[in-house]
Every structure is written in structure tokens, then in C-alpha cells.
Amino acid sequence: MAVHGIDLGTTNSAIARTGPDGRPEVLAGLSGELTTPSVVLFASPGEHVVGEGARREARLDPERVCTLVKRRMGDAQWRFVAHGKSWSAPAVSALILGSLVADARFATGEEPTAAVITVPAYFGDEERRATILAGAYAGLDVLDVLSEPIAAALAYGFGRLDGSADLGKSDSADDGSASAPPSETVLVYDLGGGTFDATVMELADRRISVLAVEGDHQLGGADWDERVALHLARRFCAEHPDAEDPLDDSAGSQALVLAAEQAKRALTDADATDVVVTHDGASVTVTLTRAQVDEMTAPLLRRTLDLTRSCIAEAERRGVPRVDRVLLVGGASRMPAVAQALQRELGLDPRLHDPDLAVARGAALYGEKKELERMVVADLRTRGRLRDGTPLEDAAPADLDDACRRVADAFGVPLAQVRRAVEIQVDTVVSRGFGVLAVNSAVGRLEPSWLVHRNDRLPIRTSRSYGTMRADQTEIQLTVVEQQGQAESSRPEDAKVLIVGGISGIPPGHDEGSEVRVTFEMGFDGVLHVTAFHVDAGIPLTLVATTGATLSQAEVARERDQLGRMRRRE
Ligand code: AMP
């Protein structure tokens, strides 16, 4: 069985699965490390290195080392070029996934085949599709993409139900008894290496309901590193005006960013640290204090606070008046300034919650849930206790109980574990608005007409009707767009085009204003499916958002082939 949970992070990644006792365990590869740097070194045309080895070589061989690829997910134009071959973001990510799969194989002796991969809550449709493609490239059946804060909450919620404190290393579940703990409203402040997410959710006994999400996937610990690196470069140049600026040289800037990252980490535990900057035959020792770094990075922290505030305000609008608990996840949330600012400015009392591993653990729990649920559904269907296409909630409680029992017996899984998997419900919301471009007749302009709004509850199925522009119109063009900024805008240029499709070959004879019904559907994975229908002509058009920024089929075939010929160097 064992669906694996994968945290495919901007800077670090991890793979987990649930053990025989139902607890999630993170799997280490040969190196013994539980996390793998999300760094790929293209060592030769047919060989690559993933992880710490690649990270170390990044200083010496920056042209061949790809870092922070997660920030490029969903950008179809972006390519990493090494040894004359080009790699899309999903292809580079597939190499990282391949390394995690190898680690899991090493740890368990089993071949991972199915996985749940986590994504930032704020990832849009294309980034989610790119993640699914990366999984497929790595030979994985991606059962779902799960938002990272939900994964973190699942790990935390499991700790609450289980009464175990070990999931939250520094945050024991003080009410963790085996009986149902009271429900609480939780804010997950997730500051990773390259992304920031704020999520407010309600945790009831067996239900996680996301109320609001906010975020910025171009904001993370790496931005702190850049600010510090800039400061170090300035100090170096001031000291050695005749030497080359290390930032003008790729190896120099790579080294500087690594030094900055180390200094930032050191300042989590110490008030001051020394950094030696050596470049172009010159050297300077810069003493950095935590206060200095906090000051130079204050605008970055402020942005996370603003997003957090707006996320809480949205939850308030949804009738949740207060936050009971704040969970800090993501490595960069370790910086003392984070907890201090949340306390000082928002009056919250944050706790670190297993910042590096909670997401992978939660993904493993969710993977197990999906798998057990699938088996229970299959059992009910084969026995004629659940009709095809009907959800599990429709099964009679006695039938459901029997099915759980049979699955537990057949697979040697404790009954309580099967029941828990089936009972846990995750309600989530969409992180962006989605719409189509349509002429607004009041102003005579083409504008986005929003069908799905940020923070709408998933799953979504919504339809809206539009009228044709002319009589005898033989073609209709449909442009599906995604919201980019914080708010829905009426300017087409503010939205990202996801799909351009059309209905053609419409026979003449239909009036101006003939009804074209557009339907948007989105499941828990946040992936959008669009259908359009010319009602009078009875002509349907089904569109799956695979054009636009995602890769063409030819490109996918080429990359599959390229990946197939790549060997991983340990
Ligand atoms: P993640 O994406 O969750 O693995 O987080 C990685 C980010 O956390 C990187 O920017 C790291 O530099 C940062 N990070 C990890 N440990 C620490 C620490 N002790 N203090 C400050 N930042 C850290």
C-alpha cells in the first residue's frame, strides 16, 4: 500500500509515509538526513546530483546548479540550460522527486508508486499542474496535490487526536487526550525558503476547514539571504574599492548568498556572527548582528505580517472572531523576529511546530487517508452498497463500518486507523479568482468576468451564461483567466491567461445574444476544468487548462525521453 507524502520544498524536500502504527515517519536516504536540499547539479550531459552534494558544488559550478526551481513552477517559458540541454521546472523538480523516491526505496525496500505532493496554499492552477507533471515525470501516480498549511495542520491535528507530543517537537499538545479535543481556530504562518503562506483554519475533532488563505510565492527565506548578501557585498566593496564586486560574478554572488544564509541561521541562536567575505584576492570580516539583519529585512517581514493580518480579517468576515493558536512552519519561521512581530503587532502567541517535517508528515497522513478511503469505497461498490459516482458520505453507517472492518482485516491495518482515515474531512478554499474575458456592455470593454472568487469553498461547480455578440456568429473565443493580485481587477492585463479555447463551426441561424453557458469546476486539488456550451446550437466544448503556460505535448514527450536517459550520481 503506502502512498507516500512528499514535501517538494523550495529549498528543502522530504518524503514520508505512515508506519504500521499509523504514525507518519519521514524517510531518510543513504545520507541519513531527513531533508534533501532541493538543488540539482547537472554534472555531465547524462548525470546529475541532487541534494547536499549539489548544494556544496553550487559554489564552484554555479552555471550547472539549479536552485529555487519551485519559484519557476507554472512558468512555461522558463528553462534551465546545462550541457546544451534545456530543462523545464517540472523536469528539474522530477529529478528532485526521483532522489526522494530513491531515499524511500532505500529506507523501506519498497518502490513508491503513488504520492501526495504538497504545494503552497497560494499556488495557482498552473503551478499545481506543473507539480502534477513533475510527479508524472518521476513515475509517480500523484493522487492529489495538497496545500502545505493543510498538511501541517493534519500533522498537528493528528498529534492532538493521538495525544502524542512528538509531532510538534517544541509544542506539546497540551489537550492531547484520546477523546475528542475541543475545536480550535489555527493560523498557520508558513515561511519557507521561497514562499510564504498564511492560512486560517478551524480544527474540529475530525474536520479541518480552511477559512482563508493569503500568500506570496515570491517571498521566502531566500529573500532574506539576498538582502544580507547585498549588505556583505557593500561592506566588501567599501573596504576594497579596487576589487571586483562579488555580486558581479556568478561564483562570487553564489558564495555570498550561501554565506548570508549561514549567517542568517546563526543569528537565530546568537546575537552576532562574523562572516568572512573573500573575493578577487581580497578579504573582509563583517560582523553582523541580529538587530542589523532584522532592520535590513524589515520590509520583508512586514509583508508577511500584512498578508497575515488580511488573512485573519477574511476569517473574521467569515464569522470566526479569534485565532486560538498560531503554528509556525517553514524553516525561515525560526527567525526570532517572526514570533516577536506576531506577538507585538498581532497579539498572537506563536509556537514552532515541527517546522521542517510537519508538511511531509501531514502529506503522508493524507496519502494514507486517500488510499484507505479508496479501498473502503471499492469494497462498498463491489458489494452494491454504494452506487458508482456517489460519495462515501452517502453510505449507510452500518455498511461503512462493515467495509472499514473488512479493509482493516484484509490489509492488517488497525480498525481505528481505517475509521479515522475515512472520517477525517478536509474542507478547503480556492486561493485565487478565476473567470473568463467577456465584453461588459455597460462600458463596451473586454473585462474579466469572475466566476470563482478567492476563498470560495472547494469543491466548486459554477456556471454563468453569456450572450453571443452577433447574429449568425459561427465562432466563439473563450479566454479563461486567473486573478494575479490581491484583489479581483476589471483590467484584462492584470489577469493571467490560462486557456484560450473556442467553439467553432456553429451553424448560422442563431440570434445575437444566444446563450453560451460556461461552467467552472474545481476539486480539492485546486485544478480547474472548464466546459462551455452553446445552448441553442447544442454544441459543447470541453477545455482542460493545458495550454497557456503549461508545456506542450511535444515538449512533455521530449522531456520524458531526456529524463529517461539521465542517471543520478549518489
Ligand atoms: P523550508 O523551505 O521550510 O525548508 O525552509 C527553508 C528556509 O528556512 C531557508 O531560507 C533557510 O535558510 C531557512 N532556515 C532554516 N533554518 C533556519 C534557522 N535556524 N534560522 C533562520 N532561517 C532558517
Side-chain angles (χ1 to χ4, degrees), residues 5-16 26 33-39 50-52 55 58 67-71 73 93 96 99-100 117-123 131 147-149 151-152 155 168-170 188-199 215-229 232 254 256-273 275 288-294 296-297 300-301 304 327-341 350 352-363:
I6 298 180
D7 171 7
L8 183 58
T10 316
T11 42
N12 293 297
S13 296
I15 185 163
V26 181
E33 296 295 328
L34 294 176
T35 61
T36 300
S38 308
V39 182
V50 175
E52 195 47 48
R55 209 173 94 100
T67 57
L68 304 179
V69 66
K70 189 169 173 178
R71 284 188 163 176
M73 291 299 249
S93 302
I96 300 167
S99 163
L100 296 172
I117 304 179
T118 58
V119 293
Y122 208 63
F123 254 20
T131 305
S147 287
E148 286 156 12
K169 271 182 242 157
S170 47
V188 178
Y189 175 104
D190 180 357
L191 187 59
T195 56
F196 172 70
D197 272 329
T199 310
D216 183 341
H217 74 255
Q218 301 294 340
L219 176 65
D223 297 292
W224 268 254
D225 305 344
E226 262 173 39
R227 298 270 168 131
V228 175
L232 295 174
Q254 182 78 261
L256 209 58
V257 171
L258 282 176
E261 202 251 350
Q262 260 166 16
K264 176 191 73 178
R265 284 179 186 239
L267 290 174
T268 288
D269 301 315
D271 290 333
T273 186
V275 186
L288 278 174
T289 66
R290 190 192 290 165
Q292 266 176 328
V293 170
D294 286 352
M296 66 183 87
T297 57
L300 301 171
L301 185 60
T304 72
L327 304 179
L328 300 181
V329 294
S333 70
R334 283 202 171 93
M335 291 182 291
V338 167
Q340 284 160 10
L352 271 179
H353 172 63
D354 195 9
D356 298 323
L357 303 176
V359 170
R361 289 190 163 122

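Scope of the values below: all heavy atoms of this structure, side chains included, with no hydrogens, waters or symmetry mates. Both ligands and their constituent atoms are indexed starting at 1 by order of listing.
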- Would you check the N or O atoms of G193, main chain and side chain alike, for any that come under 3.5 Å of an N or O of ligand 1? yes
- Task: Give the residue, atom name and distance (to 0.1 Å) of the protein heavy atom nearest atom 12 (O) of ligand 1.
- Result: E261 OE2, 2.4 Å
- Task: Using a strict cut-off of less than 4.0 Å between a Lys/Arg side-chain nitrogen and an Asp/Glu carboxylate oxygen, indicate whether D216 and R71 qualify as a salt bridge.
- Result: no
- Which atoms from ligand 1 have a heavy atom of G330 less than 4.0 Å away? 3 (O)
- Item | Test of ring centre spacing under 6.0 Å for F196 and Y189 | yes
- Query: Is there a donor-acceptor pair under 3.5 Å between the side chain of R290 and the backbone N or O of L267?
  - Reply: yes
- Closest non-hydrogen protein atom to atom 21 (C) of ligand 1, residue and atom name please, with distance? T268 OG1, 3.2 Å
- Task: Report yes if some N/O of D225 lies less than 3.5 Å from some N/O of ligand 1; otherwise report no.
- Result: no
- Message: Please check: side-chain N/O of Q262 versus main-chain N/O of A259, any donor-acceptor pairing under 3.5 Å?
- Response: no
- Message: What I want to find out is whether D356 reaches R334 closely enough, with some N-O distance under 4.0 Å, to be called a salt bridge.
- Response: yes
- Task: Among all protein heavy atoms, pick out the one at the shortest distance from atom 6 (C) of ligand 1; state its residue, atom name and that distance to 0.1 Å.
- Result: T11 OG1, 2.9 Å
- Do K70 and S38 touch side chain to side chain, with heavy atoms closer than 4.5 Å? no
- Determine, considering heavy atoms only, which of S333, A332, G221, A358 sits nearest to atom 13 (C) of ligand 1. A332
- Query: Judged by modelled atom types alone, do S99 and T36 share a side-chain donor-acceptor pair under 3.5 Å?
  - Reply: no
- Message: So for ligand 1, is D356 a polar contact partner (N or O within less than 3.5 Å, distance only)?
- Response: no
- Item | Any donor-acceptor pair under 3.5 Å from T297 side chain to L300 backbone | no
- Query: With backbone taken as N, CA, C and O and side chain as the heavy atoms from C-beta onward, which portion of R265 lies under 4.0 Å from ligand 1: side chain, backbone, both, or neither?
  - Reply: both
- For atom 19 (N) of ligand 1, the protein heavy atom that lies nearest, with its residue and separation: R334 CD, 3.5 Å
- Task: May I ask you to identify the nearest protein heavy atom to atom 10 (O) of ligand 1, giving residue, atom name and distance to one decimal place in Å?
- Result: K264 NZ, 3.1 Å
- List the closest protein heavy-atom neighbour of atom 4 (O) of ligand 1: residue, atom name, distance to the nearest 0.1 Å. N12 ND2, 3.2 Å
- Message: Under a 3.5 Å distance rule, please check whether D197 uses its side chain to pair with a backbone N or O of Y122 as donor and acceptor.
- Response: yes
- At a 4.0 Å threshold, what atoms of ligand 1 neighbour a non-hydrogen atom of M335? 21 (C)
- Query: What about G331: any of its N or O atoms under 3.5 Å from an N or O on ligand 1?
  - Reply: yes
